Protein chains: 2
Amino acid sequence: MPLTLEDIARICGVSRSTVSRVINSERNVSPETRQQVLNVIQEINFQPNLAARGLAAGKTRVLGLVIPMGVGAIFTDPFFPLLIHGVSATCNELDYSVMLWLDEPEYERRTVRQILYNGLVDGVIVSSMLMDDPILTALADGKLPYLQVGRHPANPRVNFVDVDNIQGSYLAVSHLLKSDRRRIATITGPKNMIAGMDRLQGYRLALEEWGIPFNPALVVEGNFTDLSGYSAIQHILPHHPDALFSASDAMASGALRALHEANIRVPEDVAVVGFDDIPFAAHTDPPLTTIHQPIQRVGSLAAQTLVEIIEQPTNQPRQVILPTELIIRSSCGCKV
Amino acid sequence: MPLTLEDIARICGVSRSTVSRVINSERNVSPETRQQVLNVIQEINFQPNLAARGLAAGKTRVLGLVIPMGVGAIFTDPFFPLLIHGVSATCNELDYSVMLWLDEPEYERRTVRQILYNGLVDGVIVSSMLMDDPILTALADGKLPYLQVGRHPANPRVNFVDVDNIQGSYLAVSHLLKSDRRRIATITGPKNMIAGMDRLQGYRLALEEWGIPFNPALVVEGNFTDLSGYSAIQHILPHHPDALFSASDAMASGALRALHEANIRVPEDVAVVGFDDIPFAAHTDPPLTTIHQPIQRVGSLAAQTLVEIIEQPTNQPRQVILPTELIIRSSCGCKV
DNA sequence: CTGAAAGCGCTTACAG
DNA sequence: CTGAAAGCGCTTACAG
């Protein structure tokens, strides 16, 4: 029922090759013919069939977006909505569509194969932050263009867009240091997550710069959830910290609760800085000083970069790291 | 480079028709042949090209999911992540893929055309709650199977899955009534959103049942955001409410802040009940009594129902309304 | 600048 | 139960 190239061609009295050429903006079409075809297309609201185009050209103009559901606080954190928003907006601009896979553990195998070989996508953006995610190795072994959201230390040639987690936590801890805190504890992310380890790295860097020895008793591993932040406090408190850098706002929020229950004043007794700048961070008690990351821009850049990789292949891996920003609220206790 | 049906056929010494039949689980293939083909497919990890299949069969096994970005609190509310999760999980089970469109106002026109006529999706789920969303009328005029998340009062034949907003707010207000509150104010959603109006309807129903006259001075329109809840309180306070039903948790959270600043005690002076049960609702001060809605199940049912519509077309519109649940916390002041 | 023709990888009557 | 053949709606050398 929908019209085809052939129909347009008949109406215009040209061949379907010509119609195809004007649709794909090739030169080699006389201005008059081009205009006429354009008019007809406009008039009857013609949309080329993308399945046919995909089959013939080997390009579908659709990007896959793979989001692993394994990770914790996926519904309290606006990370994925913002990422999706960025990807989608840029795809719209570039005339690409986006295919979404929420990658549940049980389906992982099937997903990878489907994405790689079913010919439906020209490339894929994976937002996995797990060090050893099987989908990452599958992608690395395959030949489909792809780009990671989040860098991968083990694979130097991978394309990625990431937030500068090291610089972010360095910023956070430096701020605490400048506010004369010296016993700065940290709740880290899980060991198998790159962002978690990067944020720990920034913590160490800042300490080092100020000549403060690294004290293992002041670092506790969390898993980015509120609850893990809450229980981390129990381990940290005996060591009398005067500040806390939490590798996520969710954990900071749990820590704030625990601190409150232990009758420890924030920021007077313990200053707190989080990471992520989730909306909730402005509403904790006290409002949380934290590190803002430009997630939507990450998504947007990821889409744009992947399209470049698809359309203008080179040997150079494309890698971009976006800066973060310190957002000062009350929990750090710096009265400007 | 990827293998094709033809390759499998050659290896097995059969025609590609036969291979196609076993892939599509048709009968009319001898058990031995079927097994042999299956083995080869398994062995070489064959994935049929979906673009080709789509072109030949007119079915792509992909569902479109359209999410309008016009609406307010899209990143503080886990509605969309949960919805997407439900849709995606069920699509995985049913061997469908999902194509995502975040519908930004400027692109709306292009989006609709693309979805309807580019042959990439077999049907679409639209999560629009606007009364007069242009995409809804475009879909209604087109011939692509679709299903709405959220009912549409003006179109009785539309397929939809919705949460019972009327029953939900009825539940909320009844609870307040049972707790001896009589001057119950409400902050509504915007007039052009169906869910908003449904929630107002439930409020009226409960009042009516208890013989309490409807008092327009006690109802203020909000737009589902925190801020609108905050400012609504200024209009309501002069009329001395003893309770508040807020049509969203975000607005309730703003209202709580305003109440607090006005030195009005919750729940002693004013009992508060929200709607949505966002994660934050458990952490407000005091924790918010609210109405829980099964969003993920809505997504799951939407996908399942749309697939039924695609695969077994009938004339009957499919319409399902899911019940909500009252979650009692502290803000309503009922000490069980 | 333009058209005829082959081909992308499947499905689907049709004939046997 | 099986295969040969046409066809889905495009793109893309190739020839002119």
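So that the names make sense, note that chain A is the first sequence line, chain B the second, and so on, each numbered from 1. Because the structure is predicted, anything quoted here is derived from the model rather than measured. Heavy-atom basis, side chains included; hydrogens, waters and symmetry copies ignored.
The residue among B/T4 and A/S17 whose nearest nucleotide of DNA chain C is located toward the 5' end is A/S17. Toward the 5′ end of DNA chain D lies the nearest nucleotide of B/T33, the other residue of the pair A/A56 and B/T33 mapping further downstream. The 5' end of DNA chain D is approached more closely, in terms of each residue's nearest nucleotide, by A/A52 than by the other of A/A52 and A/E26.
Counting only distance, with no hydrogens or angles, the side chain of B/S88 and the backbone of B/H85 share no donor-acceptor pair below 3.5 Å. With hydrogens and angles disregarded, a donor-acceptor distance shorter than 3.5 Å links the side chain of A/T60 to the backbone of A/L120. Using a distance-only test at 3.5 Å, with no hydrogens or angles considered, a donor-acceptor pair links the side chain of A/Q148 to the main chain of A/G150. Between the B/N118 side chain and the A/L50 main chain, no donor and acceptor come within less than 3.5 Å of each other.
Comparing C/dG9, C/dT2, D/dT11 against the side chain of A/R21 picks out C/dT2 as the nearest. With distances taken from any side-chain atom of A/V14 to the nucleotides D/dC10, C/dT12, C/dG3, the minimum falls on C/dG3. Closest to the side chain of B/N28, out of D/dG9, C/dG3, D/dC1, is D/dC1.
With values rounded to the nearest 0.5 angstrom, A/L100 atom CG is found 5.0 Å from A/I84 atom CD1.
Nearest approach of B/T90 to B/Q304, heavy atoms of both residues: CG2-N, 3.9 Å.
Counting only Watson-Crick and G-U wobble pairs whose two key distances fall under 3.5 Å, DNA chain C forms stems of three or more stacked pairs at C:1-3 with D:14-16, C:5-12 with D:5-12, C:14-16 with D:1-3.
Shown are B/D95, B/L94, B/V87; of these, the side chain to side chain contact (heavy atoms under 4.5 Å, CB included) with B/C91 is made only by B/V87.
Summarising the geometry, the separation between CG on A/N49 and C1' on C/dC10 is reported as 13 Å, rounded to the nearest angstrom. C/dC10 atom P lies 9 Å from atom CG of B/D7, rounded to whole Å. Atom pair A/E6:CD and C/dA5:P shows a separation of 13 Å (rounding to whole Å applied). Spacing between atom CD1 of B/I8 and atom P of D/dG3 amounts to 15 Å, rounded to whole angstrom units. Rounded to a whole Å, the CG atom of B/L5 is 13 Å from the P atom of D/dG3. Atom CZ in B/R53 sits roughly 10 Å away from atom P in C/dT12 (whole-Å rounding). Computed from coordinates, the B/R10 CZ to C/dG9 C1' distance equals 13 Å when rounded to whole Å. Atom CG in B/L55 sits roughly 9 Å away from atom C1' in D/dG7 (whole-Å rounding).
Within the structure, a side-chain polar atom (N or O) of B/N24 is placed less than 4.0 Å from OP1 or OP2 of C/dT11. Between A/S15 and C/dA4, a side-chain N or O to OP1/OP2 separation shorter than 4.0 Å is absent. For B/S20, no side-chain nitrogen or oxygen approaches OP1 or OP2 of C/dT12 to under 4.0 Å.
Nucleic acid contact for A/R16: base, since at least one base atom lies under 4.0 Å from a heavy atom of the residue. As judged by a 4.0 angstrom heavy-atom cut-off over every strand, A/T18 is placed among residues touching the sugar-phosphate backbone only.
Atom CZ of B/R34 is surrounded by more than 12 heavy atoms from other residues, nucleotides or ligands within 6.0 Å.
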